[in-house]
Amino acid sequence: MPREIDEAWVDEAIARYRRIQTAQADFDRAAQAVAVTVRSSDGTVEVDVTAAGAITDVRVLGALHGRTNRDLSAALTDAVTGASEAARWAREKLRAEVFADYPSLTD
């Protein structure tokens, strides 16, 4: 017995899929464009990172007189760790904005 195809349902499913694809492309572009700047807790290192997680710049601020390699390494690690957390936060904010009209599949 042949099944009847609900063409309206199929058309709506295709349209929803295309909207999701468009939203995903918008999200990907925004994640590349949005940047966050983070400083190490001692203010020695500043890192720029996109919401996609790409580090785009690292700056050492001020003079390093009297600072050891270990001090600078700790400041770099602190800033890069903060940048990773900031990128994740920015992605979550973007995702909430771009996909606000789509219910979560995990709730």
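These numbers come from the heavy atoms of this one structure, side chains and all, not from hydrogens, waters or symmetry mates.
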Discussion item. So, using side chain to side chain donor-acceptor pair (under 3.5 Å) as the criterion, who are the partners of D57 when residues are at least two apart?
Written reply: R59
Worksheet, complete the sentence: Scanning both residues in full, the closest heavy-atom pair of S40 with A79 reads N-CB, 3.9 Å
Item to complete: Using the rule that two of Ile, Leu, Val, Met, Phe, Trp, Tyr join whenever any of their side-chain heavy atoms come within less than 4.5 Å, decide whether V80 and L72 are in one cluster.
Response: yes
Worksheet item: Take atom CG in D11; do more than 12 heavy atoms of anything else shown fall under 6.0 Å from it?
Response: yes
Worksheet item: Which other residues belong to the hydrophobic cluster containing W9, where Ile, Leu, Val, Met, Phe, Trp and Tyr are joined when side-chain heavy atoms lie under 4.5 Å apart, directly or via other members?
Response: I5, V10, I14
Practice prompt. Report the residues that fulfil side chain to side chain contact (heavy atoms under 4.5 Å, CB included) with A52, sequence neighbours left out, ordered by chain and then residue number.
Written response: A31, Q32, T50
Worksheet entry | side chain to side chain donor-acceptor pair (under 3.5 Å) against T77, all qualifying residues, sequence neighbours excluded | none
Worksheet item: Linking I/L/V/M/F/W/Y whenever any side-chain heavy atoms sit under 4.5 Å apart, do I55 and L94 land together?
Response: no
Practice prompt. Could you pull out all residues at least two apart from V36 that satisfy side chain to side chain contact (heavy atoms under 4.5 Å, CB included)?
Written response: V38, V49, A86, A90
Listed pairs under 3.5 Å, donor-acceptor, residues 16-25 side chains, sequence neighbours left out:
from	atom 1	to	atom 2	distance (Å)
Y17	OH	Q21	NE2	3.2
R19	NH2	E12	OE2	3.2
T22	OG1	R18	O	3.0
Q24	NE2	D28	OD1	2.9

Discussion item. R67: which residues meet the salt bridge (charged side-chain N to carboxylate O under 4.0 Å, His left out) condition with it, sequence neighbours left out?
Written reply: D42
Worksheet entry | All salt bridge (charged side-chain N to carboxylate O under 4.0 Å, His left out) counterparts of R39, not counting sequence neighbours | E46
Worksheet item: How would you list, by chain and number, every residue that makes a side chain to side chain donor-acceptor pair (under 3.5 Å) with T56, sequence neighbours excluded?
Response: none
Worksheet item: Who are the side chain to side chain contact (heavy atoms under 4.5 Å, CB included) partners of S73, not counting sequence neighbours?
Response: none
Practice prompt. Give a yes or no on whether V47 and L64 share a hydrophobic cluster (residues Ile, Leu, Val, Met, Phe, Trp, Tyr; joining criterion: side-chain heavy atoms under 4.5 Å apart).
Written response: yes
Worksheet item: Considering residues at least two apart in sequence or located in another chain, which fulfil the side chain to side chain donor-acceptor pair (under 3.5 Å) criterion with R88?
Response: none
Worksheet item: Same cluster for L61 and L76 if Ile/Leu/Val/Met/Phe/Trp/Tyr side chains link at under 4.5 Å?
Response: no
Worksheet item: salt bridge (Lys or Arg N to Asp or Glu O under 4.0 Å): which pairs involve residues 71-84, sequence neighbours left out?
Response: none
